[in-house]
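Order of appearance sets the numbers: ligands from 1, and atoms from 1 within every ligand.
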Amino acid sequence: MNNFIYARASSVQDAIARTAEDPTATVIAGGTNLVDRLKVFLEEPSQLIDISRLQMQQIERLPDGGLQIGALVTNTALADHADIRRDYPLLARAILRGASQQIRNMATVGGNIMQRTRCPYYYDTAFACNKRQPGVGCPAIDGVNRLHAILGASDQCVAVHPSDMCVALAALDAIVEVAGTQGQRQIPFVDFHRLPGDTPQRDTNLELGELITRIILPPVAYARSGVYLKLRDRASYAFALVSAAAALNVSGEEIRTARLALGGVAHKPWRATIAEQFLIGQPATSSVFEKAANLALQEAVPLSGNQYKVDLARRLIRRAFAVSANSGGMA
Ligand code: SF4
């Protein structure tokens, strides 16, 4: 860990000003991923700007019936909130499927969104890594890549996004509100994270000096039937091999609305819009769900060690839609 200046931000504007004027400054809140990266020299900031005491810890109902979530709400507080558990159960379930209770007590919503891949090569500075140092190569492509991406990867990076919560937020059409030197802007959640392309060093579309201030959950009818299913190597404290956030709104014999986002398969939470569109107007049957799963994975390009993820994801999607159609809510 390098020497750095520690400063506590007095306001959102203060945090923005400090990070905008110094590109090597980094904000810290819960620190549950950042401190890991500091310890192995992945990050060597000149300043750590502590935003943990800013007033962004509220969860509040919006006039349209949606919810706004302050960026500093902890993962535990969000998963335990009565309105989240009733109206957006897949979000609560996704959070509780991630990390450990101790980490969830510290981790914030904003930090969860900003966490970086757990690609082992990225964390081991003995290896080259395009995400750490663009242009030096990606050893995962021809190396041990069992945990890596099957969708949306590039010849520069095949890492996956690690968050469970973000997969649920992608399925729920959430919006990320950020503040910066130019004022506020809102970013649809599905556009917040980036695919690696030829700039794998950039995980998000956040600009220099911008700070996440709140997440907005729209009042969507399908949210209460949403489920989050996660497959992993062990029962707790493990990242997803594949996860699925799915929700259906079925009226009569027809699916009226469908949402599907996948985790553990891409550099960002992967929204399967082609599968969603196919489901509209279809009956909620296992054969329809199977076709939707095939569509969701039709562009999959597995690596040498992760062909298994394609079949795993296909089965998980079918299961998630079936659970959503039959019972809804907390699967
Ligand atoms: Fe680095 Fe991405 Fe390759 Fe992992 S997959 S070694 S993060 S470039």
Side-chain angles (χ1 to χ4, degrees), residues 1-2 23-24 26-28 31-45 98-99 103 107 111-167 170 190-206 208 230-234 237-243 261-271 297 299-310 312-313:
M1 191 180 288
N2 65 307
T24 64
T26 302
V27 297
I28 185 168
T32 55
N33 181 218
L34 176 60
V35 173
D36 287 346
R37 304 200 306 270
L38 290 173
K39 287 192 287 192
V40 293
F41 298 98
L42 293 182
E43 310 261 353
E44 298 183 279
I103 290 174
N112 192 320
I113 293 170
M114 293 301 294
Q115 67 178 301
R116 306 202 75 181
T117 184
R118 299 313 198 278
C119 171
Y121 295 107
Y122 169 67
Y123 280 82
D124 188 341
T125 54
F127 288 93
C129 171
N130 284 330
K131 188 176 285 295
R132 263 191 274 112
Q133 190 179 348
V136 298
C138 171
I141 291 174
D142 295 316
V144 179
N145 49 38
R146 176 176 172 271
L147 303 176
H148 290 74
I150 57 172
L151 288 162
S154 74
D155 61 1
Q156 301 289 302
C157 179
V158 292
V160 295
H161 195 267
S163 171
D164 294 293
M165 184 193 79
C166 290
V167 181
V190 291
D191 297 330
F192 187 82
H193 295 99
R194 296 164 61 96
L195 292 176
D198 57 5
T199 53
Q201 70 276 18
R202 288 195 66 190
D203 291 347
T204 75
N205 286 313
L206 208 61
L208 177 67
K230 176 179 180 180
L231 295 174
R232 46 189 159 173
D233 279 331
R234 58 176 187 266
Y237 198 38
F239 294 100
L241 299 171
V242 176
S243 67
L262 302 175
V265 297
H267 197 260
K268 60 185 285 186
W270 185 266
R271 183 78 177 264
L297 295 162
E299 294 177 359
V301 181
L303 301 161
S304 57
N306 66 7
Q307 172 71 43
Y308 76 98
K309 280 194 177 187
V310 179
L312 210 59

(request) Applying side-chain hydrogen bond (donor to acceptor under 3.5 Å, both in side chains) between H267 and each of K131, H161, H148, H193, report the one that passes. (result) K131
(message) If the cut-off is 4.0 Å to any non-hydrogen atom of Y122, which atoms of ligand 1 fall inside it?
(response) 7 (S)
(request) Could you list the atoms of ligand 1 found under 4.0 angstrom from a heavy atom of C157? (result) 2 (Fe), 5 (S), 8 (S)
(request) Could you list which atoms of ligand 1 come closer than 4.0 Å to a heavy atom of Y121? (result) 6 (S)
(request) Answer side chain, backbone, both or neither: which part of Q156 comes under 4.0 Å from ligand 1, heavy atoms only. (result) backbone
(request) Run the salt-bridge test on D233 and R146 with the 4.0 Å N-O cut-off and return the result as yes or no. (result) yes
(request) Could you list which atoms of ligand 1 come closer than 4.0 Å to a heavy atom of C129? (result) 1 (Fe), 6 (S), 7 (S), 8 (S)
(request) Among T199, D203, T204, find the one that has a side-chain hydrogen bond (donor to acceptor under 3.5 Å, both in side chains) with R194. (result) T199
(request) Report the C-alpha separation of S154 and L195 in whole Å, then their side-chain angles, then the decisive distance to 0.1 Å, and conclude whether the side chain to side chain contact (heavy atoms under 4.5 Å, CB included) test is met. (result) CA-CA 8 Å; S154 74; L195 292 176; over 6 Å; no
(message) Just to verify, which of V242, I150, V265 counts as forming a side chain to side chain contact (heavy atoms under 4.5 Å, CB included) with L312?
(response) V242
(message) Give the atom numbers and elements of ligand 1 that come within less than 4.0 Å of a heavy atom of A159.
(response) 2 (Fe), 5 (S), 7 (S)
(request) Nearest heavy atom to atom 3 (Fe) of ligand 1 wins, so pick from A153, C138, S154. (result) C138
(message) Taking backbone and side chain together, does C119 place any N/O/S atom at a distance below 2.8 Å from atom 4 (Fe) of ligand 1?
(response) yes
(message) Please check this pair: side chain of N2 against backbone of P45, looking for a donor-acceptor N/O pair closer than 3.5 Å.
(response) yes
